[in-house]
There are 2 protein chains.
Amino acid sequence: MSHVLGSRPVGVRQAQKQKTRQALLDAALRLLEEQSLSSLGLREVTRAVGVVPTAFYRHFRDTAELGVALVEEALGSLHTTLAAMLAATGDGEERVAGTVQLIASYVRAYPAHVRFIARERHGGVKAVREAIGGQLALFAREVADRFATEPRAAGWREEDLLMLARTYVDHMVMTASALLETDDEQQVTSTARHQLRLIGLGRDHWLD
Amino acid sequence: MSHVLGSRPVGVRQAQKQKTRQALLDAALRLLEEQSLSSLGLREVTRAVGVVPTAFYRHFRDTAELGVALVEEALGSLHTTLAAMLAATGDGEERVAGTVQLIASYVRAYPAHVRFIARERHGGVKAVREAIGGQLALFAREVADRFATEPRAAGWREEDLLMLARTYVDHMVMTASALLETDDEQQVTSTARHQLRLIGLGRDHWLD
DNA sequence: CGCCTGGGGTGACAACTGTTCACTGACTCA
DNA sequence: TGAGTCAGTGAACAGTTGTCACCCCAGGCG
């Protein structure tokens, strides 16, 4: 008789289903640490979960659809984090360092998700590529909109603001994946900070 | 009795072998346009060439080794092109436009190679990732060395020059893969030009 | 010339894949 | 309470995969 508002699983039934679904996503993400989505087998995933192959179809049409769900899981919840990151006003060296540190801690917290995004951004599954591209474009828009409200953006053309935002987003993704592959985190974060400074300088002298 | 110096195929035998090897590479590259290396099957490649599966082993241990060979084919010959690109002295708007145009024409000439590099740079096969990373690091070194000879580099720290070079190389790769995925080439090249201008401005004011 | 090397072919193997269909039994809800 | 829903099961299918030992015969070379 009780109605649960907002949250998805309304009964024991739905809850179990979502639990299995999440188990499939988790197992897939783990398997994808050492292979690409286009070689991920449906049986491989169900075996890792401890469930019969056909159960897979109750949740996803194929592994491509699972991939799209993973994109949502990895990037969907990042919008709020990004907003917080942008809200930290102030500029200069400590702002730059803070940004890079935030990226580093995110990579440390969710390495598998980051790896997945970096790997499948140009991967072999079209639907997943497009899902990631869409999310990143959304990020760029959000960043650009944020910039537009700041006094530094006075005199900037709309499209140049978007270009600048794209540069920042691209740099973020590249730094994240570089952090995954290196074992010298200091080296990577240092380079990332200097690159941000470089972009910041270009930004300051854009209107000449 | 005649000795051919330098060039590889010294006899009809060797020539045939290299011909088959090249056919395997070509077929693989074509198949990789719509999948990742980690899902590329050995049989799939030989079938496309019109050769029996076991013949594959005469040339490569497995598909990973073929992938490394593809990296060499795609990036190995690019060093000279890159040198030419850097040799074009002069700066400012037309230099930037020329650079972007050169990238665009390279993508148009070898789209499959570019796609392969973008896809496997963070792909599921470790050996291939490392091969690509090594080549790109080499590019960055070459660019940095070139910069070091220019008067603009006066006062720059060695590691900052390398950082700058990496930024340019990364930007090149990103622009190339962006050109592959878009259908609006003008849009992408325009953004790329503006990003180069942004970096150039940062470069000009680095020593403040 | 005639032996030898080795790229390519044959056929077969066990293991694996995605997808189908009919099923069971715990949960839902009027 | 009793009928219906549906997440997960079980078995079977037609293909596919990588790898094997063995054979063939054109090209290389003394």
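The figures here come from the full heavy-atom set of this structure, side chains too, leaving out hydrogens, waters and symmetry mates. Each chain gets a letter, A, B and so on, in the order its sequence line appears, and its residues count up from 1.
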Is it true that atom CD of E34(B) has more than 12 heavy atoms of other residues, nucleotides or ligands lying nearer than 6.0 Å?
-> no
Atom-pair distance (CG on D62(B); P on dT19(D)), nearest Å | 7 Å
Between the protein and nucleotides 4-6 of chain C, list the N/O to N/O atom pairs that are separated by less than 3.5 angstrom.
unit_1	atom_1	unit_2	atom_2	d
dT5(C)	O2	R13(B)	NH1	3.3
dG6(C)	N3	R13(B)	NH2	3.1

Quick one: L42(B) CG to dC20(D) P, roughly how many Å, whole number?
-> 11 Å
Residues in contact with DNA chain C, drawn from residues 43-57 of chain A - heavy-atom cutoff 4.0 Å = R43(A), R47(A), T54(A), Y57(A)
Nearest heavy-atom approach of S36(A) to L32(A) is C-CD2, 3.6 Å
Atom-pair distance (CG on L40(A); P on dT17(C)), nearest Å | 10 Å
Atom CD of Q18(A) and atom P of dC27(C): how far apart are they, to the nearest Å?
-> 17 Å
Integer-rounded Å distance: dG7(C) P and Q22(B) CD = 17 Å
For E181(A), does the CD atom sit with more than 12 other heavy atoms under 6.0 Å from it, leaving out its own atoms?
-> yes
May I ask you to test the H122(A)-E120(B) pair for a side-chain heavy-atom distance under 4.5 Å?
-> no
Between L24(B) (CG) and dG7(C) (P), how many Å, whole number?
-> 13 Å
Y110(A) atom OH, over 12 foreign heavy atoms within 6.0 Å = no
Could you state the atom-to-atom distance from NE2 of H59(B) to P of dG18(D) in whole Å?
-> 16 Å
Student check: side-chain heavy atoms of L198(B) and I199(A) closer than 4.5 Å = yes
What integer distance in Å separates Q14(A):CD from dT28(C):C1'?
-> 10 Å
At what distance, to the nearest 0.5 angstrom, does CG of L180(A) lie from OG1 of T175(A)?
-> 11.5 Å
Y168(A) and F147(A): aromatic ring centres closer than 6.0 Å?
-> yes
Establish, yes or no, whether the cationic atom of R197(A) lies under 6.0 Å from the six-membered ring centre of W206(B) and within 45° of the ring axis.
-> yes
